[in-house]
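Data first, discussion second: the structure below is written as structure tokens.
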Amino acid sequence: MMTGPDTATSWEPAFEGQRPPFTRGNEMAVKHGAKSPRKVDPIADALASELLLDEAVAYLRAPRYAAAVQAWAQAEAKCALISNWVDGMPIEAAAASTQGQTSPLELLRKWETTAQNHRSRLGLDPMSAARLGKDVAQGRQADAATELTKMRAQLEASVHGEVVSE
């Protein structure tokens with residue numbers, strides 16, 4: 001008699017060598033875990049939390065960056081899971097691919113490229129951090145110049161008794 005894992009009745013094999021039914025939450029079909037939210041999400045959440053504690057990238061705490069930070073963390077988590085999977089196999093197996101199936105090394109390369117793109121967009125590598133810092137500094141200078149121009153116009157208008165609307 002075959003019953004589900006959540007019933008009180010015991011399972012008995014119908015033939016010799018038959019394995020018991022899968023239990024809820026089993027991981028028999030998991031290869032690397034990169035497609036499993038159960039595996040990816042805890043790693044991604046930890047990465048995102050750690051990143052947002054870093055004062056050097058405090059700008060990423062703004063709500064407009066939330067989706068980008070999450071996408072970066074998901075890509076990094078998938079890289080870590082796939083990398084661990086690849087590390088546990090012989091190089092021949094890691095490099096092997098068949099028609100319609102990507103090799104483990106190629107899969108890792110694709111996710112590492114995706115993660116690197118997210119890093120660059122968020123300013124998490126040296127070159128993009130420098131570029132972003134320059135852009136932010138130039139933006140602040142432009143904002144300061146605009147503000148000073150407005151203040152000067154208001155001052156000149158008040159000297160002449162004019163009312164300036166913003």
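Only this structure's heavy atoms are used, side chains among them; waters, hydrogens and symmetry mates stay out.
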Notebook entry, point to check: When clusters are formed by joining ILVMFWY residues with side-chain heavy atoms under 4.5 Å apart, either directly or through shared neighbours, do L122 and M127 land in the same one?
Noted result: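 No, because L122 and M127 fall into different hydrophobic clusters, even though each may have its own neighbours under 4.5 Å.
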Next item on the list: Is it possible for you to say whether L51 and L53 belong to one hydrophobic cluster, with membership spreading through side-chain heavy-atom contacts below 4.5 Å?
Entry: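 No; tracing contacts between hydrophobic side chains, which count when under 4.5 Å, never links both residues.
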Any side-chain heavy-atom pair from [X] and [Y] closer than 4.5 angstrom?
{"X": "L107", "Y": "W85", "answer": "yes"}
{"X": "V86", "Y": "P104", "answer": "yes"}
{"X": "I43", "Y": "K78", "answer": "no"}
{"X": "S83", "Y": "L108", "answer": "yes"}

Closest non-hydrogen atom pair between [X] and [Y], with its separation:
{"X": "A115", "Y": "C79", "result": "CB-SG, 3.9 Å"}
{"X": "A129", "Y": "G123", "result": "CB-O, 3.5 Å"}
{"X": "V40", "Y": "A77", "result": "O-CB, 3.7 Å"}
{"X": "Y59", "Y": "Y65", "result": "O-CD1, 3.0 Å"}
{"X": "Q18", "Y": "A14", "result": "OE1-N, 2.5 Å"}
{"X": "P37", "Y": "P42", "result": "O-CD, 3.7 Å"}

[atom1]-[atom2] distance between [X] and [Y], expressed to the nearest 0.5 angstrom:
{"X": "L60", "Y": "D54", "atom1": "CG", "atom2": "CG", "value": "9.0 Å"}
{"X": "L124", "Y": "E76", "atom1": "CG", "atom2": "CD", "value": "8.5 Å"}
{"X": "I91", "Y": "M89", "atom1": "CD1", "atom2": "CE", "value": "9.5 Å"}

Note to self: I'd like to know if R109 and E112 make a salt bridge, using a cut-off of under 4.0 Å between side-chain N and carboxylate O.
What the structure shows: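 Salt bridge between R109 and E112, a charged N being under 4.0 Å from a carboxylate O: no.
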Next item on the list: For side chain to side chain contact (heavy atoms under 4.5 Å, CB included), just list the numbers for V57 and L52, CA-CA rounded to whole Å, side-chain angles, deciding distance to a tenth of an Å, and then say yes or no.
Entry: CA-CA 7 Å; V57 291; L52 296 176; over 6 Å; no
Checklist line | Donor-acceptor pair between T98 and Q101 side chains, under 3.5 angstrom | finding: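 There is such a pair between these side chains.
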Margin query: Quick one about N117 and S120 (side-chain donor to acceptor, distance below 3.5 Å, no hydrogens or angles considered), yes or no?
Written below: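 There is no such pair (donor and acceptor under 3.5 Å, judged by atom type) between the side chains of S120 and N117.
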Item checked: Residue pair H118, Q74: steps toward the side chain to side chain contact (heavy atoms under 4.5 Å, CB included) verdict -> CA-CA 10 Å; H118 287 295; Q74 293 272 322; over 6 Å; no
Checklist line | Test side chain to side chain contact (heavy atoms under 4.5 Å, CB included) applied to Q70 and D45, step by step | finding: CA-CA 8 Å; Q70 191 60 32; D45 292 345; 3.8 Å; yes
Notebook entry, point to check: Would you find a donor on one side and an acceptor on the other, under 3.5 Å apart, between the side chain of S128 and the backbone of D125?
Noted result: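 Here the side-chain-to-backbone pair exists.
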Item checked: Check against side chain to side chain contact (heavy atoms under 4.5 Å, CB included), L47 and W72 -> CA-CA 9 Å; L47 287 169; W72 162 80; 4.1 Å; yes
